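Given the structure is predicted, the values throughout are model-derived calculations rather than measurements.
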Amino acid sequence: MINLTKNPFFLSGEDIEWVENTKKSMTLEEKIGQLFVPIGYSGDPQYLEHVMLAHHIGGIMYRCGEAKEMQRTHRYLQEHSKIPLLIGANLEDGGCGIATDGTQYGKQMQVAATGDTEDAYRLGKVSCSEGAAVGCNWAFAPVVDIDRNWRNPITNVRTYGDDPDRVLACGLNYMRAAKEENVLVAIKHFPGDGCDEVDQHILTSVNNLSCDEWDATYGKIYSGLIQAGAQTVMVGHIAQPAYQKSYNTDFQNKLIPATLSSELLKGLLRKKLGFNGLIVTDSTCMVGFSCAMNRERAVPYAIEAGCDMFLFNKDLEEDYQYMLNGYKQGILSEQRLDEAITRILATKASLGLHRKAKCEIVPSESALCILQADEHVAWAKKSADKAVTLVKDIDGILPLNPHKTKKVLLEIIGGFPSNERVLESFRKRLVEEGFEVIGVGTLEVDGRRGCRKVAEGRHVATQRKAQERHVGRTQAGRVAALGASAEVGVHEHDHAAQRTGVGDGLHKQTRGRSVHHQLLPGIVIAVNGNVVGHEVDVVDDAVEVIPGAEADETAQREGETVVLRGEDELRFLDLLEARTVGLDVVLRGVVHGHAVERRRLLHRIRPVVVDGVHLLHRDQVDRRRIFAAHGPALVTLRRRGSCKQQSHD
């Protein structure tokens, strides 16, 4: 039995009566619809009526847009919805999370760097007051992950650092501000991200702490926020094997995300931490969710496992039918459906939405004057100033002094509309202080290091050239690697040799096609197909972009490689142990989010996703299931030297 008079609902008898009466009046189809929080793609009334409201949705979230347009859309939805909606937004770093003309305050890491946890209150105040003005009543914030692994692609600057006490203090201050604005918080991403190097968008993450370690870190944070009245928890696609096995001694030896784990939801979150509020999944469009279970079963099972609301959809109509059919088939029980609906309605009642006229739920247009208010902008600038942190200054160059360092190279990383103004401002001040300013321009970087293009149009290679190799025919694709962009594609009718800003990369014309040599540090990367989001971070050596076929021929000719075929299991730790061998990565097909990091002779392979399938992970991967569902391997890994071939269990 859910106690609606206690934390975090604190409902009155009248409020509880509304919850119960509303629930009794709902049809099964309306109850199923309340479980969904889809992402909105349009403000067109026809779309809102026939796509969103026709499915009786319980909430919605839009990506940021122009404030007036977003407010109009939210107002239409609230005025035409039978039951008031929870309207969410990623209000993590300012009102810019829902309105493009909102205040951009700064990421959580910036706030932590100020050394003032009260700055998190100001972040929450700016984010939630501006979000509320646009019509949002649910902040998908604060992020209370811990930056335990700086290589984690999700957390990083979205955390308040690596100290659990500071993370908790900042989370509490953000939540205090949100409550003042009558905006719900969603503390995320339970059971805690930041331990591994995995992106939940392409793989299930793992929180690998022991139960005792978790209790002293993430557990301390979640317990503190729950006791302080956090209304909702957003659950990530993150496994926590220690607690999963603690609550279920027969737990399968497989990575199951928290969104589908009753052990973590009903056991750890509900029972141990005593959370009584609403549980919402993170985006279920992520592979970290969909790789664990067939979607037709996963949709209803997420609610049965303990979640109360289902965030985002690949196809709303399809997921709605999956949920409805799952209920009829017994995957989703009547008890869990009732509990979820009760918490959804109680959460809405805790905001007082049921006591407002539909036309009053979203503020009037005049409320938008708070966006980029003078105080908000001043707070943001002060936070940015206080956050500047000197990490290393071995030579004692700072503070700058024209007597010690007369010449100053002045460049801006990245192209922004304000570059010319900012460059001139800094140049003028430096000259006035007695410095000799050189190289005034813009450093265009598409990565961490690489080639740069300054304002004069000259190209400066920052890494030594690799041996020239022929770049073979590929499908039209783009490889972004280590600070430079290379268009690697077929140009059937373009025989003109022309540079495209790829540093000092060699441009070479071949029969019927125009291709580039990419001269960058790293390993040999063979591309055969469209490659998106490729990133390499290395220390030395050279990278070349070469065709997959030629990579095979080169490897065979030089006798450098041992092939690990796709259906073979590859353990992440095997690569970590390969400290004295080189590594070639041959990519075939459409690859998203591939990243390789090299340090000395040590190579780390971050998650690879091919056609939506994750192929590499720190732990064991069930290759049989993946390749049974998706066909033959699309990725071949090659190592130089002698390596033991791994096979699946």
Side-chain angles (χ1 to χ4, degrees), residues 2 8 35 140 143-146 148 152 154-155 164 186-196 198 200 203-227 230-284 286-293 297-311 331-333 335-336 339-340 343 617-619:
I2 304 170
L35 303 174
F140 292 166
V143 177
V144 291
D145 296 316
I146 304 175
R148 295 177 63 89
N152 188 290
I154 293 296
T155 55
I187 52 179
K188 61 183 186 183
H189 306 85
F190 182 84
D193 207 347
C195 291
D196 60 6
V198 174
Q200 297 171 52
L203 193 64
T204 301
S205 300
V206 181
N207 184 308
N208 58 3
L209 301 185
S210 68
C211 293
D212 289 341
E213 290 172 328
W214 191 89
D215 289 345
T217 53
Y218 294 94
K220 182 177 185 179
I221 294 168
Y222 278 96
S223 178
L225 289 165
I226 288 170
Q227 291 176 27
Q231 303 99 328
T232 77
V233 171
M234 179 175 287
V235 179
H237 310 307
I238 305 168
Q240 217 297 321
Y243 261 115
Q244 287 171 313
K245 293 175 182 178
S246 174
Y247 279 100
N248 181 2
T249 56
D250 296 327
F251 190 80
Q252 55 187 314
N253 189 25
K254 179 182 178 181
L255 294 180
I256 300 296
T259 38
L260 294 169
S261 174
S262 60
E263 294 82 4
L264 298 178
L265 298 174
K266 297 177 181 178
L268 181 56
L269 185 53
R270 292 286 189 210
K271 185 176 180 180
K272 182 179 178 67
L273 296 179
F275 182 61
N276 188 39
L278 185 147
I279 300 175
V280 61
T281 72
D282 202 344
S283 168
T284 61
M286 299 184 192
V287 180
F289 175 83
S290 58
C291 71
M293 189 181 294
R297 177 176 176 81
V299 171
Y301 188 74
I303 306 300
E304 181 63 27
C307 294
D308 299 307
M309 297 194 83
F310 194 86
L311 186 65
I331 299 173
L332 171 57
S333 66
Q335 178 184 348
R336 275 298 304 131
E339 289 173 350
R343 284 195 171 95
H617 192 261
R618 294 184 66 96
D619 300 309

| field | Rounded distance (nearest 0.5 Å) linking atom CG of Asp193 with atom CD1 of Ile238 | value | 4.0 Å

| task | Give the minimum heavy-atom separation between Gly288 and Thr204, together with the two atoms involved. | result | O-OG1, 2.8 Å

| task | Go through the structure and list residues passing side-chain hydrogen bond (donor to acceptor under 3.5 Å, both in side chains) with Thr217, not counting sequence neighbours. | result | none

| field | Minimum heavy-atom distance His237-Thr259, with the two atoms named | value | ND1-OG1, 3.0 Å

| task | Identify, with sequence neighbours excluded, every residue that meets ring pair (Phe, Tyr, Trp, His ring centres under 6.0 Å) alongside Tyr222. | result | Phe190

| Smallest separation among heavy atoms of Ile221 and Pro164, with atom names | CG1-O, 3.6 Å

| message | Restricting to side-chain hydrogen bond (donor to acceptor under 3.5 Å, both in side chains), what partner residues turn up for Thr155, sequence neighbours left out? | response | Asn152

| query | At their closest point, which heavy atom of Ser205 faces which heavy atom of Gln200, and how far apart are they? | reply | OG-CG, 3.1 Å

| remark: Sorted by chain and number, sequence neighbours left out, salt bridge (charged side-chain N to carboxylate O under 4.0 Å, His left out) with Glu339 holds for Arg336

| remark: Across all chains, not counting sequence neighbours, the side-chain contact (heavy atoms from CB on, under 4.5 Å) partners of Ala186 are Trp138, Phe140, Thr232, Met234

| request: Test Leu209 against Arg148 for side chain to side chain contact (heavy atoms under 4.5 Å, CB included), laying out the working first. | output: CA-CA 11 Å; Leu209 301 185; Arg148 295 177 63 89; 3.3 Å; yes

| request: Give the C-alpha distance, both sets of side-chain angles, the deciding distance and a yes or no for side chain to side chain contact (heavy atoms under 4.5 Å, CB included) between Glu263 and Leu268. | output: CA-CA 7 Å; Glu263 294 82 4; Leu268 181 56; over 6 Å; no

| request: Check side-chain hydrogen bond (donor to acceptor under 3.5 Å, both in side chains) between Gln240 and all other residues, then give those that pass, not counting sequence neighbours. | output: Asn207

| request: Mind listing the closest non-hydrogen atom pair of Ser223 and Leu273 along with its distance? | output: CB-CD2, 4.1 Å

| query | For Arg270, what residues pass the side-chain hydrogen bond (donor to acceptor under 3.5 Å, both in side chains) criterion, not counting sequence neighbours? | reply | Asp308

| Side-chain touch Cys307/Leu265, heavy atoms, less than 4.5 angstrom | yes

| request: Kindly indicate, with the supporting measurements, whether the criterion side chain to side chain contact (heavy atoms under 4.5 Å, CB included) is fulfilled by Val206 and Val198. | output: CA-CA 8 Å; Val206 181; Val198 174; over 6 Å; no

| message | Counting only heavy atoms not in Gln335 (residues, nucleotides, ligands), do more than 12 fall under 6.0 Å from its CD? | response | no

| task | Output yes when a side-chain donor or acceptor of Trp214 lies under 3.5 Å from a complementary backbone atom of Pro191, and no otherwise. | result | yes

| task | Give every residue pair that meets the salt bridge (charged side-chain N to carboxylate O under 4.0 Å, His left out) criterion with at least one member in residues 216-225, sequence neighbours excluded. | result | Asp165-Lys220

| said: Test your reading of the model: is there a side-chain donor-acceptor pair from Tyr218 to the backbone of Glu213, 3.5 Å cut-off? | reply: no

| request: Check whether more than 12 heavy atoms from other residues, nucleotides or ligands sit under 6.0 Å from atom NZ of Lys266, and answer yes or no. | output: yes

| query | Thr281 side chain to Leu311 main-chain N or O, any donor-acceptor pair under 3.5 Å? | reply | yes

| query | Got a second to check how far Ile187's CD1 is from Ile226's CD1, nearest 0.5 Å? | reply | 5.0 Å

| query | Between Lys188 and Asp282, does a side chain to side chain contact (heavy atoms under 4.5 Å, CB included) hold up when you go through it step by step? | reply | CA-CA 9 Å; Lys188 61 183 186 183; Asp282 202 344; 5.9 Å; no

| request: Assess the side chains of Asn248 and Tyr243: does a donor N or O sit below 3.5 Å from an acceptor N or O? | output: no

| With no hydrogens and no angle check, is any side-chain donor or acceptor of Asp145 less than 3.5 Å from a backbone partner on Gly192? | no

| Just by distance, do the side chain of Gln244 and the backbone of Ile256 share a donor-acceptor pair under 3.5 Å? | yes

| query | Looking only at heavy atoms, what is the nearest atom pair of Ala258 and Gly236, with distance? | reply | CB-O, 3.7 Å

| query | Sub-3.5 Å donor-acceptor pair from the side chain of Arg343 to the main-chain atoms of Asn276, do we have one? | reply | yes

| Qualifying residues under ring pair (Phe, Tyr, Trp, His ring centres under 6.0 Å), relative to Phe310, sequence neighbours excluded | Phe36, Phe289

